[in-house]
Amino acid sequence: MANISITPGSIARPADAIPKRPNPVWLFIRTQPLGFAGLIVILAYLAAAVGAQWIAPYDPEAIDFTAMLTPPNSEHLLGTDQFGRDVFSRIVYGARTALAVGILSSLFGCTLGAIIGAASGYWGGRIDTMIQRVVDVMLSFPIIVLAMVVVAVLGKRPLLGVDMNLVAAIALPFIPKMTRIARSSTLSIAQMPYIDAARAAGYGDGRIIMRHILPNIVAPYLIMTTAFIAQAILLEASLSFLGLGVTEPTPAWGLMLSGASADFYKSAPWMILFPGLAITLAVFAFNMFGDSLRDWLDPKMRS
Amino acid sequence: MILFLVRRILLLIPTLIGVAVVTFFLIRVIPGDPVVVKLRADGAAVTEETIQAERKRLGLDKPLYAQFGDFVVGLAHGDLGNSLWTGQPVLKEIAIRFPVSLQVAIMATIIAILISVPLGILSAVYRDTWIDYVVRIIAVSGLAIPSFWLGMLMILALLSWKNWLPPIGYVSIFQDPVANLQATIMPAISVGYRYAAIATRMMRSALLEVLREDYIRTAKAKGLFQKLVVRRHALRNALLPVVTVIGLEFAFLIGGLVVTEQVFNLNGIGKLFVDATTRGDFNLIQGLVLMIAVIFILVNLVVDLLYGLLDPRIRVS
């Protein structure tokens, strides 16, 4: 009882009765410290990706046969690979590849999935049943299998240094997942009175979907996009590791690991350790941030 | 129970047909020419003539519906065509490699169950203590570490401390169990770790949910020990979603194996798939994709049946 003190006059003032709304950014930092840490790491990766030419001390593709397999030292922070290329510089430039492919494919897959899902849930009926059957079937393929088939059929199509077909291949498995989520969100929104009102006002289906339904599924959309970026980075690394993703000499984390063949396990462990750490940390950061975003934006989605 | 089984199996038929259709069109409808990719992979000259000749040879010059007809007829006869690379029947190629992958997948599942169930229970029972935090960090890191890198780390560790490399080449477990396990245990752990992480998270959250139920409070109120409440009353209900996750992820293990088999040089389905993809062997890709999807569907069926066994309520409805 002692810690409750009421000063006379304070109750009547309405300004005190309404609690001050805390700054949302500050609230996020305070309630989701792990997510905030993830965000910091993500920002660091973004900075590395954008400013790679200033951060990396060497040209990531420059071959130097006088410095092959150098252990980490003051000149080569994380050592060099079998061609004398600086591992640190390749990791920094690799962030560019990983983030570009990861973010683009996740955005692409989620956006397409959200639109298909919203349309499917909004119209219902035969279209809905058909789309859902296709989604069911697509979900019975492991994501890497779908991606590999697309990579195999499409070949490569680089645009501004990013292989667009690789992006498409990684995006494809995310489409059915997002479709399903967007559909279930749409189903509940489509019954809201304001949708009826919009229809009564004579708006077309396209406008209702774009203006009234899609904005309401922004929260799950953002959550899934962040979560999928983590998966996309992992998938790109796996594909590149298999020799099906990014190809030499472009620096990519998975590719760096595939170059580290058995001969180098003993002589150059840094070639194996650091690129893998870069992948793990990036995926970890996006997962953490995604989880916190979910808790923060939509407590109902917590499962 | 028999009615339940029959209905579930009948429901499979449309999905299986759908999978066959999607597999067929996925390879043919995507803009891009498998023949060109294959010719490039062969190192052959890519000219209009060679493309046409190759198309004719593979039956790809026929209209799509005719190709689909051939595909369905072949499927009905259990014939998935021949590998474009070796000329062997696709089914035979798959059958040779299948036992390796299946064994690793089963071992990974066992590892995952052995890790996830106790860890998940500990984490839920000791919620918000250091035990819980440690378990959660292990689980989250399991989702972030690429399985192939984990495999490489294990090789690296064994090589630098014990100067030992896992044997290359697969021997059947019935021939030489020791050599077999030496070759398969590390791939199983590296795939199983991620699997365990997913299952641990599910175990934890499912158990936490059940522990909030009224009947748990009743059980505690009538003076039962915590251990007994968890084991007898809570665990049985909490295991349902865990069984689902383990079942679902079992099929996705095949996906994990694609990369891990490469690290350990295991000649399984995954490696076959990678080889087929790099060589542009489209018949083989088609057969493998079909098989993986069918496994997924069958595992789903088994999960549903297990569900029915574990939970009488589902059987009835």
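Side chains included, hydrogens not; waters and symmetry mates left out as well; all remaining heavy atoms used. Order of the sequence lines sets the chain letters (A, B, ...), proteins ahead of strands, with each chain counted from 1.
You'll find the side chain of Leu242(A) stays beyond 4.5 Å of the side chain of Phe273(B), heavy atoms only.
Sorted by first and then second residue, the pairs that involve residues 226-236 of chain A and meet side chain to side chain donor-acceptor pair (under 3.5 Å), not counting sequence neighbours, are Glu236(A)-Ser240(A).
Here the closest non-hydrogen pair linking Phe148(B) and Ser238(A) is CE2-OG, 3.6 Å. Of all non-hydrogen atoms in Phe141(A) and Thr23(B), the two that sit nearest each other are CZ-OG1, 3.7 Å.
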Practice problem: Any chance you could lay out the side-chain contact (heavy atoms from CB on, under 4.5 Å) test for Met148(A) and Ile285(B), step after step, and finish with the verdict? | Solution: CA-CA 9 Å; Met148(A) 277 169 74; Ile285(B) 294 179; over 6 Å; no
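Scanning residues 130-138 of chain A against chain B with a 4.5 Å non-hydrogen threshold yields Val137(A), Met138(A), sorted by number.
Neither the backbone nor the side chain of Ala230(A) comes within less than 4.5 Å of any heavy atom of chain B. Looking at Leu143(B), the atoms closer than 4.5 Å to chain A (heavy atoms on both sides) sit in the backbone and in the side chain alike. In this structure, no portion of Leu235(A) lies under 4.5 Å from any heavy atom of chain B.
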Side-chain donor-acceptor distances from residues 270-283 of chain A under 3.5 Å, at least two apart:
unit_1	atom_1	unit_2	atom_2	d
Trp270(A)	NE1	Thr70(A)	O	3.4
Trp270(A)	NE1	Thr80(A)	O	3.0
Thr280(A)	OG1	Gly276(A)	O	2.9

Using distance only, find each side-chain donor-acceptor pair of residues 197-204 of chain B under 3.5 Å and give its atom names and separation, not counting sequence neighbours.
unit_1	atom_1	unit_2	atom_2	d
Thr200(B)	OG1	Ala196(B)	O	2.6
Arg204(B)	NE	Ser123(B)	OG	3.0
Arg204(B)	NE	Asp132(B)	OD1	3.0
Arg204(B)	NH2	Asp132(B)	OD2	3.1

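Each of Ile155(B), Val263(B), Val258(B), Val294(B) has some count of heavy-atom pairs under 4.5 Å with chain A, and the biggest count is that of Ile155(B). Of the residues considered (Val145(A), Asn287(A), Ile143(A)), Val145(A) shows the highest number of contacts with chain B, using heavy-atom pairs under 4.5 Å. When each of Leu153(B), Val289(B), Val21(B) is scored by its heavy-atom pairs under 4.5 Å with chain A, the top score falls to Val289(B).
Enclosure of atom OH in Tyr45(A) by more than 12 non-hydrogen atoms of other residues, nucleotides or ligands within 6.0 angstrom is indicated.
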